[in-house]
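Encoded as C-alpha cells, the structure appears first; notes follow it.
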Amino acid sequence: MATRHIISIGDFDRQEIDRLLDHAAQIYKKKYNENALHGKILAVLFFEPSTRTRMSFESAMARLGGTSLSVGSVEACSMAKGETLADTIRVVSGYADAIVIRHPKEGAARLAAEFATVPVINAGDGAGQHPSQTLLDLYTIRQSMPIDGIDVALIGDLRYGRTAHSLASALSLYNARLHTISPKGLELPATLVADLQAKGMEITEHDDIREIIGMVDVLYVTRMQRERFPDSASYFNVASSYRITPELLAGANENLIVLHPLPRVDEIDPRVDTSAHARYFEQSRNGVPVRMAMLMDVLK
Ligand code: CP
C-alpha cells in the first residue's frame, strides 16, 4: 500500500474530513485507547518557530502511548553543516514511523514526502498550506454550527497566511461562502481564488469588516506574517490596519464565532477574549484530539 502523506488539505475529500472530525470528537470525549500508538515514534522536524503545532503533535503522540523525537531548528541538526533536506529526510525515515515537518519554504513538505519512506505530515510550508490547522479549525466550527452553507470572513494577511489558504480550500467542500478582507497587496492569491471559484465557491472581497460583521457566522482572523515580508517597511505600512474589538463585535450576529490560528500580535483586542464570540483558545486546545485522530490514521 502507498505511504499516506498529508501535505495539503486537498489530499482529503469531504468524506475523509468528516470521518476524521467524527473520530476527533470521540477522542475529545476520552473514548480512545491510550496505547493505540505504543511502540510508534514520530519525528518532529520544525525549521520554523512553533508553540501550538509542535507541542500538540507531541502531546497527541504521548496521549496515545507513542514517543516523539524532535529537531527544533536548522542550527540544531546536520543541515547546519550543509546536509540537504532530502538526505535529512532519508535518514530520519530510518529512525521514526512518521515525520511531521514545518519549513519556511513552500513545497518543502512535498519534497520531503518524495524522499521519505514513512508518512510525512506538513505542519506548515512557508506561505503554502497548513492542513492539520485546517482540520482543527473545521472541528472548532463544527462544535458551534454545521459547516454547510455558512458565511466565513477571512481577515488579515491572506497572501502569506497558509492557514487561510488551507481553510478556504476546505470550506469549498462545504458550500460555504467566503468573504475576504485584507490590506492592499495581501489579498488571497488570485490562482487560489480562481481555483475555488471554478469549484463553484462564492467569494466576495470587502474593504471593511464592518460591512459584513452582522451577517457572517465565522470571523477568521490572521496576523500579518511578518517573517514573509520582503522588508520591515512593507510590514509596518500595514501592521495596524485592522483590529477586532468588542465595539466591532457589538454589531455581530449573536452566534458569530471568532477564530484565530494564533499566535496573535495585536489584531484581536484582549478584551474580546472574554466575549461569548471568542473561540480561539478552545481552537488551539482542539489541536490535540484532531492531531491524535490524524496520527492514528497515518500510523495504523
Ligand atoms: N497555529 C499555529 O500554527 O501555531 P504555531 O505557529 O504556534 O504552531
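One-based numbering, in listed order, for ligands and for the atoms of each.
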ring-ring contact (aromatic ring centres under 6.0 Å, His included) contacts touching residues 186-236 (sequence neighbours left out): Tyr160-Phe229, His179-His206, Phe229-Tyr235
Can you see whether Gln129 engages Ser166 through a side-chain donor-acceptor pair at a distance of less than 3.5 angstrom? yes
Exercise: do Ser132 and Arg291 side chains pair donor with acceptor under 3.5 Å: yes
Check this for me: does any side-chain nitrogen of one of Arg223 and Glu227 sit under 4.0 Å from a carboxylate oxygen of the other? yes
Shell of residues surrounding ligand 1, defined by a 4.0 angstrom heavy-atom cut-off that is strict: Ser50, Thr51, Arg52, Thr53, Arg102, His130, Gln133, Pro261, Leu262
Does the structure place the NZ or CZ of Arg102 under 6.0 Å from the centre of the six-membered ring of Phe46, at an angle of no more than 45° from the ring's axis? no
Reference residue Arg271; test side-chain hydrogen bond (donor to acceptor under 3.5 Å, both in side chains); the match among Asp273, Thr274, Asp269: Asp269
